[in-house]
Amino acid sequence: LVLARSITPTEMGLFYSVFTLITFVMLFVNIGTNPSLTKHISEFKAKKQYNKLFFSIKFVATIKLTLALIASISLWSFSTWLAINFFKTPVAIPVIKILSVSLILIVLVGLLGAIFQGFQSMLNLALILMSENLFFLVMLIMFIYLGFTKNHLLPSFAFLFGWAVTLILFTPLLFKYKKYFIKNQLKQAEKKVLSKQLSFFAFASFFISLGNLVIGYIDTMILTYFRPLSEVGIYNVVLPTVIIIGFFSRSISQVFFPMVSELWAKNLKVKIVEGVNLLHKYTLITVIPISMVLFLYPGLILNLLFGVEYIPGAFAMRILSVGIIFFTVGMIDQSVISGIGKPKVVTNILLVAAAFNIITNFIFIPKWGINGAAITTTLSYILIALLTSIYLRKFIKARSHIAIWLESLFVALVFVISVYVLKYLLNLNPYIEAIICLSIGGIIYLFTCYLMKMINFKELKGFILIILKKKNL
């Protein structure tokens with residue numbers, strides 16, 4: 001919001017195009033080691049194998065830092081070539097150099113996050129995830145206040161300093177876990193077996209990340225090549241705005257992933273089924289009305305938050321608001337399937353979806369631009385949700401998604417129809433009218449959920465306790 005009102009859509013497009021390149025490079029730096037480390041910390045902690053736990057952290061940290069240094073130096077060295085041949089402007093050179101330095105900081109913060117998640121310290125994990133964006137915003141505001149030039153370098157430096165502050169603040173929290181860092185040497189044979197174990201899970205997780213990354217960011221790369229940077233800038237305002245809704249399921253998945261891993265190791269499969277069924281139901285109940293707000297008022301929201309120059313992204317926002325519903329379900333199912341030790345299944349699903357995404361992007365984007373990118377992303381999310389649902393039911397006896405989807409579709413239609421009827425009856429200031437329509441529509445939505453017995457307060461309270469206090473599992 002602050003950034004969109006401080007620089008032009010073209011400058012926004014340039015920054016996010018370079019950022020997308022860095023994100024792809026990050027994938028090959030991390031190579032799936034974060035989820036692998038999280039899973040093994042959780043397992044070794046449960047089994048009190050602290051020497052293996054400490055070795056896992058050292059092994060992963062060494063790999064990540066080595067690859068981060070190589071990637072950062074390479075990006076800095078080839079910044080001019082990339083700027084001229086891919087981004088087609090020398091203005092991109094300093095942006096590439098600044099973000100190449102940021103890459104090392106991102107790797108270190110990601111390592112901290114994986115450790116916090118593995119120890120199921122969800123407060124620390126939540127704080128570090130929040131800080132990644134919060135300090136970027138703080139730095140933006142501070143630089144603007146200090147009179148920093150409002151161009152493509154503004155977000156670049158804010159990004160760099162934001163990650164630096166995050167790393168400095170959260171590194172000391174590692175001392176809380178020093179009692180687990182047992183330095184008893186493993187035998188060489190044990191190290192070899194454990195290294196292979198970590199690498200195998202990381203390799204599968206790498207392809208999971210690759211699939212998610214392709215689906216989430218390849219459209220920006222293709223847009224950069226085929227369309228004006230101003231259009232790239234608009235799309236990179238629309239997509240993150242919609243993806244904010246997905247943070248709910250992403251956060252829950254990050255909490256649930258190590259819990260599933262531990263429960264599966266203890267053979268407590270019934271508890272996993274109970275958690276999955278509750279997650280699906282209450283995630284959809286929460287996400288659907290929020291996504292429908294974006295569907296009903298895309299132009300109004302873009303104009304209010306970012307300005308009139310971003311209104312051309314309204315139709316793309318409407319398309320993505322549907323896709324994000326499927327994204328939330330697919331994200332939960334991915335974490336469960338990976339948590340029970342089946343990352344290869346998720347890998348295969350995401351590689352299929354990624355291939356579909358790339359092909360359709362090359363077909364739709366040259367013709368329809370950001371609307372084509374939105375259609376492709378939405379179809380990819382639907383495909384992932386469908387395939388993960390099918391495979392999940394093969395491994396655990398979770399409730400059929402069909403029943404949940406039908407119930408959710410009905411209450412969503414009730415919400416949309418209620419708002420449309422109220423819009424037809426009222427003729428007020430657009431913003432006041434939207435507030436009234438959405439408020440009344442929201443009350444009708446919740447009341448319909450209650451009548452259909454989709455909401456059970458006792459069940460909901462128990463679900464919250466499961467998330468907050470593992471002892472209640």
Side-chain angles (χ1 to χ4, degrees), residues 1-4 9 12-13 15-17 19-20 22-24 26-27 106 110 113 126 128-134 136-137 155 159 162 208-223 231-254 283-284 286-298 301-302 304-306 310 313-335 350 353-354 357 361 365 370-385 388:
L1 176 58
V2 174
L3 185 59
M12 176 87 82
F15 171 74
Y16 275 106
S17 294
F19 170 76
T20 300
I22 297 297
T23 303
F24 270 95
M26 280 294 304
L27 173 67
I106 296 171
I128 202 170
L129 291 174
M130 180 184 69
S131 298
E132 293 169 4
N133 295 312
L134 176 62
F136 176 52
L137 174 61
F159 189 76
I208 293 174
S209 299
L210 176 62
N212 279 320
L213 197 63
V214 167
I215 295 166
Y217 290 98
I218 195 67
D219 42 14
T220 296
M221 302 296 287
I222 298 175
L223 277 168
E231 198 167 326
V232 179
I234 292 172
Y235 187 71
N236 278 283
V237 160
V238 172
L239 182 60
T241 302
V242 177
I243 289 294
I244 288 173
I245 301 174
F247 286 162
F248 173 78
S249 64
R250 190 187 299 273
S251 300
I252 295 297
S253 297
Q254 287 175 332
T283 297
L284 286 172
T286 304
V287 166
I288 284 176
I290 303 174
S291 64
M292 288 300 99
V293 171
L294 300 182
F295 180 85
L296 292 165
Y297 295 100
I301 292 169
L302 288 171
L304 175 65
L305 296 179
F306 306 107
Y310 291 94
F315 189 67
M317 175 175 278
R318 184 164 278 161
I319 296 168
L320 289 167
S321 68
V322 176
I324 198 65
I325 300 173
F326 295 90
F327 171 87
T328 57
V329 174
M331 181 64 65
I332 291 169
D333 289 351
Q334 287 178 54
S335 69
L350 290 178
N357 186 272
N361 265 321
I365 285 179
I370 59 175
N371 294 330
I375 291 170
T376 293
T377 300
T378 295
L379 291 176
S380 299
Y381 289 155
I382 292 172
L383 179 61
I384 291 171
T388 53

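Counting only distance, with no hydrogens or angles, the side chain of Ser335 and the backbone of Ile332 share a donor-acceptor pair below 3.5 Å.
With values rounded to the nearest 0.5 angstrom, Ile324 atom CD1 is found 7.0 Å from Thr328 atom OG1. Distance check, rounded to the nearest 0.5 Å: CE of Met331 to CG of Asp333 gives 11.0 Å. One finds the CE atom of Met317 at 11.5 Å from the OH atom of Tyr235 (value rounded to the nearest 0.5 Å). Separating the OG atom in Ser291 from the CG atom in Leu296 is a distance of 9.5 Å, to the nearest 0.5 Å. Note that OG1 of Thr23 and CD1 of Ile106 are 7.0 Å apart. Values are rounded to the nearest 0.5 Å. Expressed to the nearest 0.5 Å, how far OG1 of Thr378 lies from CD1 of Ile319 amounts to 6.5 Å.
No side-chain heavy atom of Ile370 sits under 4.5 Å from any side-chain heavy atom of Val238. No side-chain heavy atom of Asn236 sits less than 4.5 Å from a side-chain heavy atom of Phe19. When side chains are defined from C-beta on, Pro289 does not count as touching Val293, because their heavy atoms never get closer than 4.5 Å. Within the 4.5 Å cutoff, no side-chain heavy atoms of Asn361 are placed close to those of Met221.
Considering all non-hydrogen atoms of both residues, Gln334 and Thr388 come closest at CG-CG2, 4.1 Å. What you find for Leu223 and Ala373 is that their closest heavy atoms are CD1-CB, 4.3 Å. Taking each heavy atom of Ala353 and Ser380 in turn, the nearest pair found is O-OG, 4.1 Å. Here the shortest heavy-atom pairing between Gly372 and Ile365 reads C-CG1, 4.5 Å. Here the closest heavy-atom approach between residue Phe326 and residue Ala385 is recorded as O-CB, 3.6 Å. Contact detail for Thr241 and Val237: the closest heavy-atom pair is OG1-O, 2.6 Å.
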**Request:** Decide yes or no on side-chain contact (heavy atoms from CB on, under 4.5 Å) for Met292 and Ile325, but give the supporting numbers first.
**Result:** CA-CA 10 Å; Met292 288 300 99; Ile325 300 173; 4.1 Å; yes
**Item:** Derivation of the side-chain contact (heavy atoms from CB on, under 4.5 Å) call for Val232 and Thr220
**Value:** CA-CA 6 Å; Val232 179; Thr220 296; 3.9 Å; yes
**Request:** Apply side-chain hydrogen bond (donor to acceptor under 3.5 Å, both in side chains) to the pair Thr377 and Asp219, showing each step before the final yes or no.
**Result:** CA-CA 8 Å; Thr377 300; Asp219 42 14; 3.1 Å; yes
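Not a single side-chain hydrogen bond (donor to acceptor under 3.5 Å, both in side chains) links Ser321 to another residue, sequence neighbours left out. Scored by the ring-ring contact (aromatic ring centres under 6.0 Å, His included) test, Phe295 finds no partners at all (sequence neighbours excluded). Here Tyr381 pairs with Phe327 under the ring-ring contact (aromatic ring centres under 6.0 Å, His included) rule; sequence neighbours left out.
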